[in-house]
Amino acid sequence: MATEDASAAAAAAAKPAPQLNIRAQITRTLTFANPGALKRYEKTPTIAVNINVDASKGGDEDYIVGLKIQANAKSEEEEVYSLSLDYAGVFNLTNVDQKMLEPILLVECPRLLFPFARRIIADVTRDGGYQPMMLDPVDFVALYRRELERRQTAQAADATVN
């Protein structure tokens, strides 16, 4: 038994450590519509924010992870501004266990991209004539869990239909 534990520990020690490297970060698209540009608003606009993450294979060990953020500001029923940012990173993953691949791509990679996307959004809204929109930190683990639940619900619904 002790020999098996020692050989398992030796095998784990011999296995190369997982690595995550950022090869590039890019703004794929950025739009900012500013219909309320020269108007004065009595009340602070209400802002609705939507965040999505996607990932795709980019090469042998490269993956492209996209962080899509949409924000719409309204004052009562009038649109003040709308913003859409698709910010992406190219990540190189080596020695990563296949079952850990999806959580890394949908949690850790967006977590690394988020501060840069947040800065772009703050700069664009400030340059548009408003208070910089400082997005609160995002719980990418919770977003990932919701996605897993959505998939399970969809699979259950498919199984019921078939």
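N92 meets the side chain to side chain donor-acceptor pair (under 3.5 Å) test with D62; sequence neighbours excluded. Listed by chain and residue number, A33, E79 satisfy the side chain to side chain contact (heavy atoms under 4.5 Å, CB included) test with P35 (two or more places apart in sequence, or in another chain). Scored by the ring pair (Phe, Tyr, Trp, His ring centres under 6.0 Å) test, F32 finds Y81 as partners (sequence neighbours excluded). By the side chain to side chain donor-acceptor pair (under 3.5 Å) test, N34 is found to be paired with Y130, residues two or more places apart in sequence or in another chain being considered. Remark: R151 pairs with E102, E147 by the salt bridge (Lys or Arg N to Asp or Glu O under 4.0 Å) rule, at least two apart or across chains. In this structure, R146 has no salt bridge (Lys or Arg N to Asp or Glu O under 4.0 Å) partners at least two apart in sequence or on a different chain.
Of all non-hydrogen atoms in S75 and V80, the two that sit nearest each other are N-CG2, 3.5 Å. Of all heavy-atom pairs between N72 and S82, the closest is OD1-CB, 3.0 Å.
By the 4.5 Å heavy-atom criterion applied to side chains, L93 and L105 are counted as neighbours. Between D97 and P18, the closest side-chain pair of non-hydrogen atoms is not below 4.5 Å.
Other residues sharing a hydrophobic cluster with M134 under the 4.5 Å side-chain heavy-atom criterion for ILVMFWY residues do not exist; the residue is a singleton. Grouping Ile, Leu, Val, Met, Phe, Trp and Tyr by side-chain contacts under 4.5 Å, direct or through others, leaves I26 on its own.
Rounding to the nearest 0.5 Å gives a distance of 11.0 Å between CG of L143 and CG of L148. The CG atom of L20 lies 7.0 Å from the CD1 atom of I104; values are rounded to the nearest 0.5 Å. With values rounded to the nearest 0.5 angstrom, R150 atom CZ is found 11.0 Å from Q152 atom CD.
With T125 as the partner, the side chain to side chain contact (heavy atoms under 4.5 Å, CB included) test is satisfied by one option alone out of I47, L83, I120: L83.
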Hey, can you pull the donor-acceptor pairs under 3.5 Å for the side chains in residues 48-57, sequence neighbours left out?
unit_1	atom_1	unit_2	atom_2	d
D54	OD1	G66	N	3.4
D54	OD2	K68	NZ	3.1
K57	NZ	G59	O	3.0
K57	NZ	D60	O	2.5
K57	NZ	Y63	OH	3.3

Only distances under 3.5 Å count here; give the side-chain donor-acceptor pairs of residues 84-91 to other protein atoms, sequence neighbours excluded, each with its distance to 0.1 Å.
unit_1	atom_1	unit_2	atom_2	d
D86	OD1	R28	NE	3.2
D86	OD1	R28	NH2	3.1
D86	OD2	R28	NE	3.4
Y87	OH	Q25	OE1	3.2

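Identified under the salt bridge (charged side-chain N to carboxylate O under 4.0 Å, His left out) test for residues 134-145, with sequence neighbours left out: none. Contacts classified as side chain to side chain donor-acceptor pair (under 3.5 Å) and involving residues 106-124 (residues at least two apart or in different chains) are given here: E108-R111, R119-D123, D123-R126.
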Would F114 and L135 count as a side-chain contact (heavy atoms from CB on, under 4.5 Å) here? Give the steps. CA-CA 9 Å; F114 182 76; L135 293 175; 3.8 Å; yes

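I22 is not connected to I64 by any chain of hydrophobic side-chain contacts under 4.5 Å among Ile, Leu, Val, Met, Phe, Trp and Tyr, and they are in different clusters.
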